[in-house]
Amino acid sequence: MALMPKRVKFRKSQRGRMKGNATRNNFVAFGEYGLQVLESTWITARQIEAGRVAATHFLHREGKVYLRVFPDKPVSSKPLETRMGKGKGEPEFWVAPVKPGTVIVEIGGVTEDTAKQALVRVAHKMPVRCRFVKRRHSL
Amino acid sequence: MEDTLKLKAEKRENSGTKVSQRLRSQGKLPIVLYGHKQQTFPLAVDMHDFVEGVHHGHRLMELEVDGKNETTMIKDIQYDYLGRDIIHADMIRVNITERVTVSVALDLKGEPKGAQEGGILEEHADGLEVECRVSDIPETIEVSVDDMEIGDALYARDVKLPEGIDLASDEDTLIVICRTVEVEEPEEAEALEGEEEPSAPEVIGREKEDQEDEGEQEKGGE
């Protein structure tokens, strides 16, 4: 089941811009290892779900997967073969806008090698370049 | 006892983003020195020496500023947006005999018994706040998790600290817990898939507006 908000204040949103780098959510906070994006993009709910399934399937019953992004931005589009005008299209799917540096997925409770392999599978589902990061324990 | 790293520091005349970026491109690291109710100085040190010192676990550094030596301790470090490079550091003046409160990383040793029964180790705290002499700051605190079974939790009060080091964190701080992973049963997952997905989320305030509109229409009709 793809992620989506339960309640929203507004049905449609403007596109917005993704300037700069991530100043928050840019370090591993819950698990031991994480996947950090290196470009700014919109990650769709389907991509997040595909990543989660790939990681949990690889890990079997070991470890825990933490999703650090949530698709809370609706993207609308017009139906095919429709003339321009007549107002904004209907929401089609949901995305999570991310900036370079954002940690999108974290894994805990497994060895580094296993986590790396699981996160590579998640990275393959993502529309941007990602890198493997570890939790920083000290200064 | 921790070794003290000696670094030469020069005062920074100008401050700001652009000036700091220029300094970094020249192989220098902007730092700030404060503490002991003395004047605050924006300084610059050699990037390579500082980073190497940090990677070797040095917390204490002796800075030579205008021919005068200052014993300092790293208070905070700022990293870039990817968490790779150090971009700034805060240094605090200390006396070698002074007692300070610092955060020390925890090093979990061993494999818990519960892991063999399908449990995982969930870390809740990276480090502990401890109070000790500046010269006795440990690099890490080792914690053995060998005896942990499923359902066991380790709190700050359970950690054995070396002599001369006192706990400054809350005693009830949860450090690590060994527990089983809650796995979604396939049947449940299928049942969830079978359910009809709501196509659109509920719009906050929309029902109220609709009711008000209906009410107005009824009044108008009368």
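Proteins get letters first, then strands, A, B, ... in listed order; numbering begins at 1 in each. Only a predicted model underlies this, so the values are computations on that prediction, with no experimental measurement involved.
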Quick one: side chains of residues 42-56 of chain B, donor-acceptor pairs under 3.5 Å with protein atoms, not counting sequence neighbours, listed by atom name and distance.
{"residue": "B/Asp46", "atom": "OD2", "partner": "B/His48", "partner atom": "N", "Å": "3.3"}
{"residue": "B/Asp46", "atom": "OD2", "partner": "B/Asp49", "partner atom": "N", "Å": "3.1"}
{"residue": "B/His56", "atom": "ND1", "partner": "B/Glu52", "partner atom": "O", "Å": "2.7"}

Qualifying ring-ring contact (aromatic ring centres under 6.0 Å, His included) pairs with a residue from residues 77-131 of chain A, counting only residues at least two apart or across chains | none
Taking atom CZ of A/Arg46 as the centre, report whether more than 12 heavy atoms of other residues, nucleotides or ligands fall under 6.0 Å from it.
-> no
Filtered by a 4.5 Å non-hydrogen cutoff, the part of residues 13-37 of chain A contacting chain B is A/Asn21, A/Ala22, A/Asn26, A/Phe30, A/Glu32, A/Gln36, A/Val37
Proximity breakdown for B/Leu82 and chain A, heavy-atom pairs closer than 4.5 Å = both
Options A/Pro74, A/Pro100, A/Gly108, ranked by heavy-atom pairs under 4.5 Å with chain B, top entry | A/Pro100
Most heavy-atom pairs under 4.5 Å with chain B, out of A/Lys6, A/Arg7, A/Glu62, belong to A/Arg7
Any side-chain heavy-atom pair of B/Glu202 and A/Val8 under 4.5 Å | no
Can you list every pair that meets salt bridge (charged side-chain N to carboxylate O under 4.0 Å, His left out) and has a residue in residues 76-100 of chain A, with sequence neighbours left out?
-> A/Arg11-A/Glu90, A/Lys12-A/Glu90
In Å, rounded to the nearest 0.5 Å, how long is the span from CD1 of B/Ile77 to CZ of A/Arg136?
-> 8.5 Å
Under 4.5 Å from a heavy atom of chain B, the part of A/Arg131 involved = side chain
Just give me the residue among B/Glu139, B/Glu123, B/Glu122, B/His124 that pairs up with chain A most often, heavy atom to heavy atom, under 4.5 Å.
-> B/Glu123
Which heavy atom of A/Pro5 sits nearest a heavy atom of B/Pro201, and at what distance?
-> O-CB, 3.1 Å
One should read off an interatomic distance between A/Thr102 OG1 and B/Tyr81 OH, to the nearest 0.5 angstrom, of 10.5 Å
